[in-house]
Amino acid sequence: MSATLDCRICGGTLHEFFDFGRQPLADAFVDPHHPAQEYFHRLAVAQCGSCTMVQLLEDVPREHMFRTDYPYLSSGSSAMRDHFRATARHFLDHELRDPDSFVVEFGSNDGIMLDTVARAGRRHLGVEPCAGVAEAAAAKGIRVRNAFFEESTAAEIVAAEGRAKVIYAANTFSHISYVDSVFRGVDVLLDGDGIFVFEDPYMGDIVERTSFDQIYDEHFYFFTVRSVQNMAAFYGFELVDVEHLPVHGGEIRYTLARPGTRTPSPEVARFLDREKILRLTERSTLERFATNIDLLRDGLRTLLVRCRDEGKSVVGYGATAKSATLTNYCGIGPDLVSFIADNTPAKQGTLSPGSHIPVRSPEAFADPYPDYALLFAWNHAEEIMRKEAEFRRRGGRWILYVPELHVV
């Protein structure tokens, strides 16, 4: 683990605005039969006074986070399957019309986006460091390289495959602290008029909705349009388009190109103006966000303690990575939430990181239904509530905490 007081992008001075204290790895679920010593780290977040990039003060070694048994699958949600298929079709219609076009996705997970590209007969390559999900992609016929994406990886790909028209990353780029090597890799691999497209959680949505659980070890950077524009320019690229996405509680898809090769979309200026009006990158806004975090923590704990004291049962729904920050910072354990229902087989039968709440299959949720369900997977609320409609019909109530604490 390494800590820094200098910005990882531009070297400017970092100003800490919140410290979540000692936190576990968000996706390191614990085997109750073979407990190992958990890895904890300090989770503190700061902003650069120069380029405005929000970032963690300490980064966890990448091998600890992105392991062979990494449990998250991009195709696990129907909403995300639809999203990635639509993304692939967009690339095919606008950027990959030449039959010989080549697209590279780093952090390709189980290949859900590249599957559509492959079926269209386009050249493709996934770069995925987690062996388990890389193997799942390969089993579907996706060409995948089990590696971390960086300058050396990109050079090897160019030597073997040529340059890429599109380089894409979803919920990956913000995970990588060493963006200098990634940008050098993009520079090596990207065709002259190609585009580098990435989508990640938007700091504007996190602040507006107090969705502080988006802050955990895997998310090293928290992007705004202004900070991405600054970062792109620092590494010799130009931000040419932005698009707000509803997935994962609010993300932005950023499109970068070599300077002068593409005309910037009006959306770039529109978002920059909006961020200025909202004072999104000002320190006072982040200090207010920090205050709201503690107000939400106190309110949620008070509600859960009252449910326990009144003899009401509470079960968690969705053993998400982000729930680790919520449960550990708020002091939520099995005394307040008896178990978490989750549909990921690799997580079932384990304990949640740090808080050690048992994780069980969704079938356990109805055996019997609890009085309350704390929805950790709030970004999939509509899909989950539709699936679990019987819970509400039998009098159960959902506890949600984004965009505010409420019971439905």
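Residues that satisfy the salt bridge (charged side-chain N to carboxylate O under 4.0 Å, His left out) test with Arg226, not counting sequence neighbours, are absent from this structure. With sequence neighbours excluded, the residues that form a ring pair (Phe, Tyr, Trp, His ring centres under 6.0 Å) with Phe212 are Phe20. Checked against side chain to side chain contact (heavy atoms under 4.5 Å, CB included), Arg270 has the following partners two or more places apart in sequence or in another chain: Glu267. Remark: Ala366 pairs with Tyr369 by the side chain to side chain contact (heavy atoms under 4.5 Å, CB included) rule, at least two apart or across chains. In this structure Pro362 satisfies the side chain to side chain contact (heavy atoms under 4.5 Å, CB included) test together with Tyr317, Asn343, Gln348, Lys387, sequence neighbours excluded. In this structure, the side chain to side chain contact (heavy atoms under 4.5 Å, CB included) partners of Arg81, at least two apart in sequence or on a different chain, are Ser75, Ser78, Arg85, Ile112.
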Would you list the atom pairs, donor with acceptor, under 3.5 Å between side chains in residues 293-304 and any protein atom, with sequence neighbours excluded?
| unit_1 | atom_1 | unit_2 | atom_2 | d |
| --- | --- | --- | --- | --- |
| Asp294 | OD1 | Tyr329 | OH | 2.5 |
| Arg297 | NH1 | Tyr329 | OH | 3.0 |
| Arg301 | NH1 | Cys330 | O | 3.3 |
| Arg301 | NH1 | Gly331 | O | 2.7 |
| Thr302 | OG1 | Asp298 | O | 2.8 |

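Sequence neighbours left out, the pairs with a member in residues 229-255 that pass salt bridge (charged side-chain N to carboxylate O under 4.0 Å, His left out) are Glu199-Arg253, Glu243-Arg253. Listed by first then second residue, pairs satisfying salt bridge (charged side-chain N to carboxylate O under 4.0 Å, His left out) with a partner in residues 348-365 number zero, not counting sequence neighbours. The ring pair (Phe, Tyr, Trp, His ring centres under 6.0 Å) pairs that include a residue from residues 112-143 number zero, where partners must be two or more places apart or lie in different chains. Note on residues 9-25: pairs passing salt bridge (charged side-chain N to carboxylate O under 4.0 Å, His left out), not counting sequence neighbours, are Glu16-Arg42, Asp19-Arg42. Pairs of residues two or more places apart, or lying in two chains, never qualify as salt bridge (charged side-chain N to carboxylate O under 4.0 Å, His left out) while including a residue from residues 396-408.
Between Asp98 and Lys165, none of the side-chain N atoms (NZ, or NE/NH1/NH2) sits under 4.0 Å from a carboxylate O, so this pair counts as no salt bridge.
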